[in-house]
Amino acid sequence: MLRELAQRLGLTRGARFAPDQIEIVIATKNSAGWIGTLLEEYRRLAIRPFILLDGFGEDETEQILRRKRARYKKLYPEFPRVEAMIQEIPRHIQANWALRLDDDEFPSGQLLKWIETHLTQAQAPVLGVPRRWLRLGTGGHCEYSNHQVLRWLDDRMDIQWRLFRPDQVEYTTDIHSAGFLVPRGELLPESAYLVHFDWILRSMEQRAKKLDGYDRQKPGAGSSFRDLYLWETADSAVHGFKRMETTEFDRLAGRLRLRAQIDQQHPDSQAERVR
């Protein structure tokens, strides 16, 4: 399906954006249950992202990266959060721009298309990308949340400062930051978004532990967003779930959910081994 999407959008193997202009950078830790699946989807789009691997991880993520022949660098960040790794990006890529993603996110076809057709016109060193939080609804179709807390900037959907010039920002390790200061930035259109698979990949128990981890790093950093991360405990009307207008992510979300269920049922084995 992604290959067909790429062909419709003109994102063919002969029309991929140049690595000297932009690199997709993924920060990851303990993602053995799904990182291989995501790398396969990137390969379908002729994209080979650069991986920042947290060396304090405890699962088989690195073995999977090696098996998939991924480009990666193992780091030992000062703090146990992704923001502490972002400052390493300019040391490992030479591109003018970086699109920095978490290991439970994926770019939409329209975001990739926007990058190919509009990035060279950007004036600001930092660009805000809309993000949709997905769950699997009835019939295996993806739905996204419209929780008001996500519309914190100009009523736009969960703006993430992820598209930036690595040599033109001042880095910070603050939790829930972009990993750098955002003195000024431009916003991408709502149609050019990335998706968040956190609800699909992690059980409610796992997400609750993640919030506790945030709170240990900074009081309120996790519990303040309880209704968002633990959507099952909130009033569904608050989220106002809507079905995605595209089936672009349905197959990928289904594969990720299956791997996650296997991993949760058999925590001593890695879901990546199951074919």
Side-chain angles (χ1 to χ4, degrees), residues 26-41 51 53-54 56-65 80-83 101-106 131-147 149-150 158 160 175-176 194-244 249-275:
I26 301 174
T28 190
K29 180 181 181 180
N30 292 334
S31 61
W34 62 86
I35 192 65
T37 300
L38 291 182
L39 289 175
E40 290 169 6
E41 296 300 326
I51 313 294
L53 173 64
D54 190 320
F56 293 112
E58 302 170 344
D59 69 0
E60 296 183 358
T61 301
E62 184 170 16
Q63 291 91 317
I64 293 169
L65 294 179
R81 52 181 180 262
V82 66
E83 293 87 354
L101 302 178
D102 290 340
D103 61 17
D104 55 6
E105 298 173 335
F106 202 80
R131 180 175 68 171
R132 296 188 184 185
W133 292 57
L134 302 189
R135 73 173 186 180
L136 271 177
T138 57
H141 299 297
C142 288
E143 301 174 344
Y144 67 98
S145 171
N146 280 276
H147 198 296
V149 75
L150 296 175
D158 194 24
Q160 300 291 307
I175 191 169
H176 292 327
L194 59 92
V195 295
H196 196 197
F197 289 121
D198 185 41
W199 296 340
I200 293 173
L201 291 170
R202 297 177 178 89
S203 67
M204 188 166 65
E205 180 182 6
Q206 290 170 328
R207 284 179 268 129
K209 289 181 178 179
K210 182 163 70 169
L211 292 187
D212 289 342
Y214 287 154
D215 281 342
R216 285 194 297 272
Q217 296 180 61
K218 182 180 180 180
S223 52
S224 297
F225 301 97
R226 181 179 179 83
D227 282 356
L228 184 59
Y229 281 91
L230 305 180
W231 66 270
E232 300 93 337
T233 66
D235 184 349
S236 61
V238 174
H239 280 277
F241 286 104
K242 291 184 179 180
R243 179 171 170 174
M244 293 282 282
F249 304 101
D250 289 355
R251 183 179 62 84
L252 175 56
R255 292 183 65 198
L256 293 173
R257 168 56 61 83
L258 178 60
R259 293 290 180 87
Q261 289 175 338
I262 294 173
D263 197 35
Q264 291 160 20
Q265 293 171 3
H266 305 282
D268 294 331
S269 64
Q270 294 296 339
E272 182 63 25
R273 297 172 182 168
V274 181
R275 294 294 176 182

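Here the structure is a predicted model, which means the values were calculated and not measured.
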- prompt: Which word best sums up how the rings of His176 and Phe225 line up, parallel for under 30°, tilted for 30 to 60°, or perpendicular for over 60°?
  reply: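 The arrangement is perpendicular - the two ring planes meet at more than 60°.
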How far does [atom1] of [X] sit from [atom2] of [Y], to the nearest 0.5 angstrom?
{"X": "Glu62", "Y": "Thr28", "atom1": "CD", "atom2": "OG1", "answer": "11.5 Å"}
{"X": "Leu252", "Y": "Trp34", "atom1": "CG", "atom2": "CH2", "answer": "13.0 Å"}
{"X": "Arg226", "Y": "Arg207", "atom1": "CZ", "atom2": "CZ", "answer": "11.0 Å"}
{"X": "Asn146", "Y": "Asp158", "atom1": "CG", "atom2": "CG", "answer": "11.5 Å"}
{"X": "Ile64", "Y": "Leu38", "atom1": "CD1", "atom2": "CG", "answer": "11.0 Å"}
{"X": "Arg131", "Y": "Asp102", "atom1": "CZ", "atom2": "CG", "answer": "6.5 Å"}

message: Let's go through Val149 and Asp227 carefully: what are the C-alpha distance in whole Å and the side-chain angles of both, what is the deciding distance for side-chain contact (heavy atoms from CB on, under 4.5 Å) to 0.1 Å, and is it a yes or a no?
response: CA-CA 9 Å; Val149 75; Asp227 282 356; over 6 Å; no
field: Trp133 ring center near Tyr229 ring center (under 6.0 Å)
entry: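 When the ring centroids of Trp133 and Tyr229 are compared, they turn out to be within the sub-6.0 Å range.
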field: Crowding at CD, Glu205 (>12 non-hydrogen neighbours, <6.0 Å)
entry: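 No, the 6.0 Å shell around CD holds no more than 12 heavy atoms from other groups.
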message: Between Thr61 and Lys29 (side chain of the first, backbone of the second, donor and acceptor by atom type, cut-off under 3.5 Å), is there such a pair?
response: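 A pair under 3.5 Å: no.
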Asp250 side-chain N/O to His141 backbone N/O, donor-acceptor pair under 3.5 Å: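 Between the backbone of His141 and the side chain of Asp250 there is no qualifying donor-acceptor contact (under 3.5 Å).
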message: Please determine whether side-chain contact (heavy atoms from CB on, under 4.5 Å) holds for the pair Leu134 and Phe197, giving the CA-CA distance in whole Å, both sets of side-chain angles, and the decisive distance to 0.1 Å.
response: CA-CA 6 Å; Leu134 302 189; Phe197 289 121; 3.9 Å; yes
- request: Salt-bridge test for Arg251 and Glu41: reply yes if a basic N is under 4.0 Å from a carboxylate O, no otherwise.
  value: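 Yes, this pair counts.
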message: Can you list everything that forms a salt bridge (Lys or Arg N to Asp or Glu O under 4.0 Å) with Asp198? Sequence neighbours excluded, please.
response: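 Salt bridge (Lys or Arg N to Asp or Glu O under 4.0 Å) check on Asp198 returns Arg202, Lys210.
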Side-chain donor-acceptor pairs under 3.5 Å in residues 212-222, sequence neighbours left out?
unit_1: Asp215; atom_1: OD1; unit_2: Gly220; atom_2: N; d: 3.2
unit_1: Asp215; atom_1: OD1; unit_2: Ala221; atom_2: N; d: 3.2
unit_1: Asp215; atom_1: OD1; unit_2: Gly222; atom_2: N; d: 2.8
unit_1: Asp215; atom_1: OD1; unit_2: Ser223; atom_2: N; d: 3.1
unit_1: Asp215; atom_1: OD1; unit_2: Ser223; atom_2: OG; d: 3.4
unit_1: Asp215; atom_1: OD2; unit_2: Ser223; atom_2: N; d: 3.3
unit_1: Asp215; atom_1: OD2; unit_2: Ser223; atom_2: OG; d: 3.3
unit_1: Gln217; atom_1: OE1; unit_2: Arg81; atom_2: NH1; d: 2.8

Nearest atoms (heavy-atom pairs only) where [X] meets [Y]:
{"X": "Asp103", "Y": "Ser31", "value": "OD2-CB, 3.4 Å"}
{"X": "Arg257", "Y": "Ile200", "value": "NE-O, 3.2 Å"}
{"X": "Glu143", "Y": "Thr138", "value": "OE2-N, 4.2 Å"}

field: Partners passing ring pair (Phe, Tyr, Trp, His ring centres under 6.0 Å) against His147 (at least two apart in sequence or in another chain)
entry: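 Expected list: His239.
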task: Report yes if some heavy atom in the side chain of Leu201 is under 4.5 Å from a heavy atom in the side chain of Gln206; otherwise report no.
output: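 Side chain of Leu201 against side chain of Gln206, heavy atoms only: no contact under 4.5 Å found.
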field: side-chain contact (heavy atoms from CB on, under 4.5 Å) between Leu65 and Ile51, worked out
entry: CA-CA 9 Å; Leu65 294 179; Ile51 313 294; 4.0 Å; yes
